[in-house]
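Worksheet: the structure to be examined is printed underneath.
Labels below follow one simple rule: chain letters A, B, ... track the order of the sequence lines, proteins then strands, and each chain is numbered from 1.
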2 protein chains.
Amino acid sequence: MVEDVVRTLGFLCLASRLRRIGERLQADTQQVIDEAGVGIQAGQYPFLAAIDRAGPLTIGELAQAVGITQPGATRTIGQLLELGFVDIQPAPDDQRRRLVSLTDKGQELVDHSKATIWPRVAAAVADLCGDLDGPILEQLAAIEDGLAALPLIRRSTVTGPPALSTAQ
Amino acid sequence: MVEDVVRTLGFLCLASRLRRIGERLQADTQQVIDEAGVGIQAGQYPFLAAIDRAGPLTIGELAQAVGITQPGATRTIGQLLELGFVDIQPAPDDQRRRLVSLTDKGQELVDHSKATIWPRVAAAVADLCGDLDGPILEQLAAIEDGLAALPLIRRSTVTGPPALSTAQ
DNA sequence: CCGCTATATATAACATGTTATATAACATTC
DNA sequence: GAATGTTATATAACATGTTATATATAGCGG
C-alpha cells in the first residue's frame with residue numbers, strides 16, 4: 001500500500017485535498033440523487049435552489065450565487081433549459097440581461113427535492129461530519145476515513161422523519 | 001449583492017463548496033509557484049513529491065499516492081515526462097508495469113522547491129487556516145473570507161526563516 | 001445624435017478530473 | 001502448453017471548472 005502524499009503533506013496540499021474530497025463527496029451525493037430517480041446532476045441543484053430562494057436571477061447573478069464564473073453558469077443554465085427546468089427571457093429594462101426562472105416542472109422538482117432528497121443528503125453529510133471539531137486537517141482526514149468506512153448513500157437511509165429541514 | 005447559496009445551504013452543498021474552495025486555493029497556490037519562476041503546475045507537484053519520498057513508483061502506485069484515478073495519473077506523468085522531470089522504464093520483472101523516476105532535473109526541482117516554494121506555500125496556507133478550530137462549515141467560511149481578505153500570495157512573503165518544514 | 005466606454009452574455013480553447021473500454025503482459029488451470 | 005482469466009496501462013469520450021475574447025446592448029460626453 002502506497003502512502004497518501006496529499007494527506008501526508010498537510011497544508012502544502014490542502015488545495016488538492018479539498019478538491020479531491022469535494023469530488024468524492026459529490027460523486028457520493030450523485031448516488032443518492034440517482035437512487036431517488038431524479039434525472040439531474042448534483043452540480044445543477046444549486047442553480048435551482050438559488051432561483052427558488054431569490055426568484056428569477058440573471059446569468060451573472062446566478063454565477064455569483066453559486067460561486068463559479070459566468071461561462072460556467074451559462075453552460076449549466078443551458079443544460080437546465082434543455083431539460084425544461086428553467087425558462088429564460090430578456091429583462092424588460094435591459095436587453096443584455098437574461099432572467100432565468102423556474103418552469104412549473106422546475107418548481108415541482110425543487111419542491112419534491114426539498115421534501116425528500118435534500119434532507120436526506122444534508123442528514124447524510126451531517127452524519128459524516130456534523131460532530132467533528134478541531135483543526136481542519138484532522139477533520140478532513142476523518143471525513144475521508146468516514147467516507148471510506150461507510151459511503152454517503154449508506155448513511156442516507158431514512159429511518160424516520162427527515163432529520164433536517166432544507167437549508168441553513 | 002446576491003446570496004451565496006452554496007454557503008447558505010450548508011451540509012447540503014458541502015461537496016460543491018469543498019471543490020470550489022479547493023479550486024480557488026489551487027489557483028492562489030499557482031500564483032506563488034509562478035512568482036518563483038518555476039514552470040510547473042500546482043497539480044503536478046504531488047507526483048514529484050511522491051516519487052521523491054518513496055522512490056520510483058508505477059503509474060498505478062502514483063495514482064494511489066496522489067488519490068486520483070489511473071487515467072489521470074497517466075496523463076500527468078505524460079506531461080512531466082514531456083517536461084523532462086521524470087523518466088519512465090518498464091519494471092524488469094513485469095513488463096506491464098512502468099516505473100516512473102525523477103530525472104536529475106526533476107530531483108533538482110524537488111530539492112529547490114523543498115527549500116523555497118513548498119515552505120512558503122505551507123506557511124501561507126497555515127497562516128490562512130492553521131489556527132482555525134470548530135465545526136467544519138465555520139472553518140470553511142473563515143477560509144473563504146480569509147482568502148477574499150488577503151490572497152495566499154500576499155501571505156507568502158518570506159519575512160524571516162520559513163515557518164514550516166516541507167512536510168510532516 | 002454620434003462615437004466611445006462599460007456591462008452582460010456567449011463562445012472558444014484549455015485544464016483536469018471522471019467512467020468505460022481496449023490492449024498487452026502475466027498467472028492459472030486443465 | 002493453449003485457453004482463459006486477471007492486472008497494468010493507454011485511450012476515448014465526457015463533465016465541469018477555468019481564462020480569454022467576441023458580440024450586443026446600455027450609458028455618456030461632446
Side-chain angles (χ1 to χ4, degrees), chain A residues 2 6 15-31 33-34 40-47 56-64 66-83 88-100, chain B residues 2 6 15-31 33-34 39-47 56-64 66-83 86 88-100:
Chain A
V2 185
V6 170
S16 291
R17 189 130 173 241
L18 290 172
R19 285 186 15 164
R20 183 173 91 177
I21 300 174
E23 266 153 22
R24 168 72 199 272
L25 202 54
Q26 185 138 343
D28 272 39
T29 302
Q30 190 65 51
Q31 291 187 325
I33 294 171
D34 290 345
I40 199 171
Q41 297 304 115
Q44 298 170 335
Y45 260 140
F47 290 84
L57 293 171
T58 66
I59 298 281
E61 288 167 337
L62 280 164
Q64 250 195 285
V66 174
I68 64 170
T69 55
Q70 170 262 309
T74 296
R75 184 192 296 164
T76 300
I77 291 302
Q79 295 166 347
L80 291 171
L81 181 68
E82 199 72 25
L83 291 167
I88 308 183
Q89 54 193 140
D93 55 318
D94 184 340
Q95 295 294 113
R96 292 171 305 178
R97 317 179 78 199
R98 302 178 64 205
L99 276 171
V100 184
Chain B
V2 184
V6 169
S16 292
R17 190 132 173 240
L18 291 172
R19 285 187 14 166
R20 183 172 90 177
I21 300 175
E23 266 152 24
R24 169 72 200 274
L25 202 54
Q26 185 138 342
D28 272 39
T29 302
Q30 190 64 52
Q31 291 187 324
I33 295 171
D34 291 344
I40 198 172
Q41 296 305 115
Q44 297 170 335
Y45 260 141
F47 290 84
L57 293 171
T58 66
I59 298 279
E61 287 167 338
L62 280 164
Q64 252 195 284
V66 174
I68 65 170
T69 56
Q70 170 262 309
T74 296
R75 184 192 296 164
T76 300
I77 290 302
Q79 295 165 348
L80 291 171
L81 181 68
E82 200 72 27
L83 291 168
V86 302
I88 308 185
Q89 52 192 142
D93 55 318
D94 183 343
Q95 296 292 115
R96 292 171 305 179
R97 317 179 78 200
R98 303 177 66 206
L99 277 171
V100 184

Starting at [atom1] of [X] and ending at [atom2] of [N], how long is that distance when rounded to a whole Å?
| X | N | atom1 | atom2 | result |
| --- | --- | --- | --- | --- |
| Ile88(A) | dA8(C) | CD1 | C1' | 13 Å |
| Leu18(A) | dG17(C) | CG | C1' | 15 Å |
| Phe47(A) | dT16(D) | CZ | C1' | 10 Å |
| Arg19(B) | dT16(D) | CZ | C1' | 6 Å |
| Leu83(B) | dA15(C) | CG | P | 12 Å |
| Gln64(B) | dT9(D) | CD | P | 11 Å |
| Gln41(B) | dG17(C) | CD | C1' | 15 Å |
| Leu62(A) | dA8(C) | CG | P | 14 Å |

If every non-hydrogen atom of [X] is compared with every non-hydrogen atom of [Y], which pair is closest and at what distance?
| X | Y | value |
| --- | --- | --- |
| Gln30(A) | Ile40(A) | NE2-O, 3.0 Å |
| Leu99(B) | Pro92(B) | CD1-CD, 4.5 Å |
| Gly43(B) | Gln26(B) | N-NE2, 3.5 Å |
| Ser16(B) | Val6(B) | CB-CG1, 4.3 Å |
| Gly22(B) | Leu18(A) | CA-CB, 3.8 Å |
| Ala73(A) | Ile59(A) | CB-O, 4.0 Å |

Problem set entry | By salt bridge (charged side-chain N to carboxylate O under 4.0 Å, His left out) - contacts of Asp94(B) (at least two apart) |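 Asp94(B) satisfies salt bridge (charged side-chain N to carboxylate O under 4.0 Å, His left out) with Arg96(B) once adjacent residues are dropped.
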
For this session: Can you sort out the partners of Arg17(B) under salt bridge (charged side-chain N to carboxylate O under 4.0 Å, His left out), two or more places apart, ordered by chain and number?
Result: Glu144(B)

Exercise. Should Arg20(A) and Ile68(B) be marked as a side-chain contact (heavy atoms from CB on, under 4.5 Å) after you check the CA-CA gap, both sets of side-chain angles, and the distance that decides it?
Worked result: CA-CA 8 Å; Arg20(A) 183 173 91 177; Ile68(B) 65 170; 5.6 Å; no

Exercise. Can you check whether Val86(B) reaches Phe47(B) side chain to side chain, under 4.5 Å on heavy atoms?
Worked result: no

For this session: Scan residues 71-82 of chain B against DNA chain D and write down, sorted by residue number, each residue with any heavy atom closer than 4.0 Å; if none is found, say none.
Result: Pro71(B), Thr74(B)

Seminar exercise, completed: Between Ala91(B) and Gly67(B), whichever has its closest DNA chain C nucleotide further toward 5' is Gly67(B)

Exercise. Which residue, Leu99(B) or Asp94(A), contacts DNA chain D at a nucleotide closer to its 5' end, judged by nearest heavy atom?
Worked result: Leu99(B)

Exercise. So which one's nearest nucleotide on DNA chain D is more toward 5', Gly43(A) or Gln70(A)?
Worked result: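 Mapping each residue to its closest nucleotide by heavy atoms, the 5'-most match is Gly43(A).
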
Can you tabulate the close N/O pairs, meaning under 3.5 Å, that link protein atoms to atoms of nucleotides 1-7 of chain C?
residue, atom, partner, partner atom, Å
dT7(C), O2, Arg96(A), NH1, 2.7

For this session: May I ask you to evaluate whether Thr69(A) reaches the phosphate of dT18(D), defined as a side-chain N or O under 4.0 Å from OP1 or OP2?
Result: yes

Problem set entry | Close residues, residues 24-31 of chain A, relative to DNA chain C [heavy-atom separation under 4.0 Å] |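 Per residue number, the list is empty: none.
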
Problem set entry | CD1-CD distance between Ile33(B) and Gln41(B), expressed to the nearest 0.5 angstrom |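 Separation between the atoms: 7.5 Å.
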
Exercise. Listed by chain and number, what are the side chain to side chain donor-acceptor pair (under 3.5 Å) partners of Gln44(B), not counting sequence neighbours?
Worked result: Gln79(B)

